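Note sheet for the following structure.
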Amino acid sequence: MEALLNEWLWREEFWIPPGSHWKDMEMKEGEGHFPLPRHLIYTLPLALIFVAIRYIFERVIAIPLSRVLGVKDRIRIRAASIPKLEAFYKQHSQQPSEVVGLGKQCGLSQRKIQTWFRHRRNQDRPSSTKKFCEASWRFVFYLTSFTAGLGSLIDTPWFWDQSECWRGYPKQPVSEAHYWYYMLEMGFYLSLLLSISVDVKRKDFKEQVVHHIATIILIGFSYIANYVRVGTLVMLVHDSADIILEVGKMLHYALWATTCDVLFVLFALVFLVTRLYVFPSRIIHTTLIVSMQFYEPFFGYYFFNALLFVLQLLHIYWAYLILRMVYRFAFVGKIEGDVRSDEESPVDDNEEDEEDGGECSWEQRKDAINSRLASLANNCVLNNLSKQTNRNSRLPKTR
């Protein structure tokens with residue numbers, strides 16, 4: 001089996017440029033070490049460690065922090081226990097088309113069936129606290145990763161001149177700092193993929209899955225092919241905007257509207273500059289054009305650039321969503337909500353609007369109800385006064 005892998009999977013033409021051989025990649029003592037495929041095995045236990053650390057972090061740090069910042073969960077009406085509807089919901093989860101048939105089976109009207117499904121779907125929606133915990137965990141990782149990555153790259157020649165990514169390629173030793181930078185980043189994205197089924201599902205769920213898979217393949221392949229120098233730049237560029245995004249989400253769930261608007265403008269600027277200018281003009285340009293000045297194209301060259309283009313397509317899609325929000329912010333005066341947010345079921349006219357971007361606390365709902373009651377009471381007082389005046393006008397006048 002090992003011989004078959006060495007003969008087919010690790011063929012030199014797949015991983016290193018023409019004219020190079022695996023034996024040429026051997027490093028002498030003191031020169032550093034060359035990336036080996038077996039190093040990536042360590043990312044699997046790292047992913048499990050990240051899952052465990054996240055579990056502890058969310059319960060020990062994130063939940064108390066959410067209370068301090070004022071995150072409040074909405075009180076949702078629980079759907080009544082109706083076995084037939086519950087069985088149908090678990091199979092389909094959407095509003096049923098055969099409402100009349102289900103109504104006859106359960107002895108309920110069409111409107112009650114629709115209300116039950118709305119309440120049942122909203123019952124499964126994640127709370128604001130859960131979403132806050134998820135955002136805070138990602139914020140801590142991205143902030144730590146970006147700070148450590150920038151510290152390890154700021155003094156490297158390829159940080160300032162991207163052509164240095166290819167000088168001496170493929171025999172380029174990998175430092176201990178960049179080795180751990182790679183292992184931790186890949187372990188983190190593996191942990192996100194492991195927990196994606198229980199994380200908050202948003203409108204771009206499929207795009208997120210594609211992004212995570214493409215990122216893992218990109219990190220793994222770039223490490224094996226020793227594209228480590230340019231790979232560290234790719235990770236640094238991506239982490240820069242994600243920090244602002246996650247802290248903005250945290251404050252959004254805490255209903256810090258003004259601060260969120262400021263952070264959104266900052267995030268939009270950083271995202272558009274790093275993902276639509278820096279990434280294609282610096283990263284993709286050096287891997288696609290500049291690299292050919294140092295070696296002839298091979299399979300790894302085409303595969304690596306194809307993965308970068310997949311990421312760039314996702315950047316363009318997310319930039320479109322961000323620009324939509326910028327348009328709303330500029331012409332409506334406020335951000336109506338996260339266009340990537342998880343969707344809420346529609347509600348009746350007499351129920352609370354439950355859009356994700358306009359989450360209201362229980363205190364706000366009480367205030368709205370009290371104002372309506374006050375208005376109704378005022379109307380009743382005016383009506384009573386009007387009736388009393390009419391009765392007085394009909395009494396005979398005294399002389």
Side-chain angles (χ1 to χ4, degrees), residues 2 4-28 31-44 46 149 152-153 156-159 161-190 210-238 279-280 282-312:
E2 184 178 354
L4 181 63
L5 284 175
N6 291 332
E7 182 181 352
W8 185 82
L9 184 60
W10 306 121
R11 294 172 63 177
E12 292 175 344
E13 56 265 33
F14 287 170
W15 303 96
I16 52 181
S20 300
H21 304 282
W22 287 122
K23 61 182 180 180
D24 299 332
M25 304 301 110
E26 296 177 0
M27 302 285 180
K28 296 180 181 179
E31 287 184 343
H33 65 270
F34 186 80
L36 298 174
R38 65 171 179 267
H39 294 162
L40 299 180
I41 297 175
Y42 303 133
T43 62
L44 295 176
L46 275 175
S152 68
L153 289 170
T156 60
W158 64 87
F159 180 80
D161 180 9
Q162 285 72 52
S163 64
E164 292 293 328
C165 290
W166 314 111
R167 197 170 303 280
Y169 181 80
K171 190 176 180 180
Q172 296 173 334
V174 177
S175 68
E176 196 72 18
H178 296 152
Y179 166 81
W180 281 109
Y181 190 22
Y182 253 76
M183 295 299 106
L184 293 174
E185 281 276 348
M186 187 168 178
F188 176 74
Y189 279 103
L190 277 172
V210 172
H211 174 268
H212 293 342
I213 294 175
T215 301
I216 291 169
I217 295 174
L218 182 63
I219 294 174
F221 179 83
S222 64
Y223 185 80
I224 296 172
N226 202 14
Y227 280 149
V228 172
R229 291 185 177 182
V230 71
T232 54
L233 298 179
V234 172
M235 293 187 294
L236 190 71
V237 166
H238 281 74
F279 187 75
R282 300 287 183 176
I283 307 297
I284 294 181
H285 178 263
T286 192
T287 59
L288 194 64
I289 307 298
V290 178
S291 62
M292 289 196 295
Q293 301 174 10
F294 295 86
Y295 62 84
E296 296 180 16
F298 63 109
F299 171 79
Y301 164 86
Y302 296 109
F303 186 70
F304 186 72
N305 281 288
L307 291 174
L308 292 181
F309 274 105
V310 170
L311 286 182
Q312 186 58 32

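All of these numbers come straight from a predicted model, not from anything done at the bench. Any value given below was found using the heavy atoms of this structure, including those in side chains, with hydrogens, waters and symmetry copies removed.
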Counting C-beta onward and ignoring hydrogens, is there a side-chain heavy-atom pair between [X] and [Y] closer than 4.5 Å?
X	Y	value
Q312	P280	yes
F159	L236	yes
L233	C165	yes

Residues which pass salt bridge (charged side-chain N to carboxylate O under 4.0 Å, His left out) with R282, listed by chain and number, not counting sequence neighbours: none
Side chains of T232 and Y182: do they bring a donor and an acceptor to under 3.5 Å? no
Distance from [X] atom [atom1] to [Y] atom [atom2], nearest 0.5 Å?
X	Y	atom1	atom2	result
L307	I219	CG	CD1	11.0 Å
Q162	I284	CD	CD1	13.0 Å
T43	F188	OG1	CZ	14.0 Å
R229	L153	CZ	CG	11.0 Å
L218	I213	CG	CD1	13.5 Å
Y169	Q172	OH	CD	7.5 Å

Mind running side-chain contact (heavy atoms from CB on, under 4.5 Å) on F304 and L308 for me, showing each step along the way? CA-CA 6 Å; F304 186 72; L308 292 181; 3.7 Å; yes
Taking only residues two or more places apart in sequence, or in another chain, which ones meet [X] in a side-chain hydrogen bond (donor to acceptor under 3.5 Å, both in side chains)?
X	answer
Y189	none
T215	none
H39	Y223
T286	W166

Given 3.5 Å as the limit, does a donor-acceptor pair link the side chain of H178 with the main chain of S152, or not? yes
Donor-acceptor pair, N305 side chain versus Y301 backbone, under 3.5 Å? yes
side-chain contact (heavy atoms from CB on, under 4.5 Å) between V230 and W158: does it pass, once the steps are laid out? CA-CA 8 Å; V230 71; W158 64 87; over 6 Å; no
So, for L46 and G187, which heavy atoms are closest and what is the spacing to 0.1 Å?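 Heavy-atom minimum between the residues: CB-CA, 4.4 Å.
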Would you tabulate the side-chain donor-acceptor contacts of residues 290-298 under 3.5 Å, counting partners in other chains and residues two or more places apart, or write 'none'?
from: S291; atom 1: OG; to: T287; atom 2: O; distance (Å): 2.6
from: Y295; atom 1: OH; to: Y227; atom 2: OH; distance (Å): 3.0

Residues H238, L311; criterion side-chain contact (heavy atoms from CB on, under 4.5 Å); working and verdict: CA-CA 10 Å; H238 281 74; L311 286 182; 4.0 Å; yes
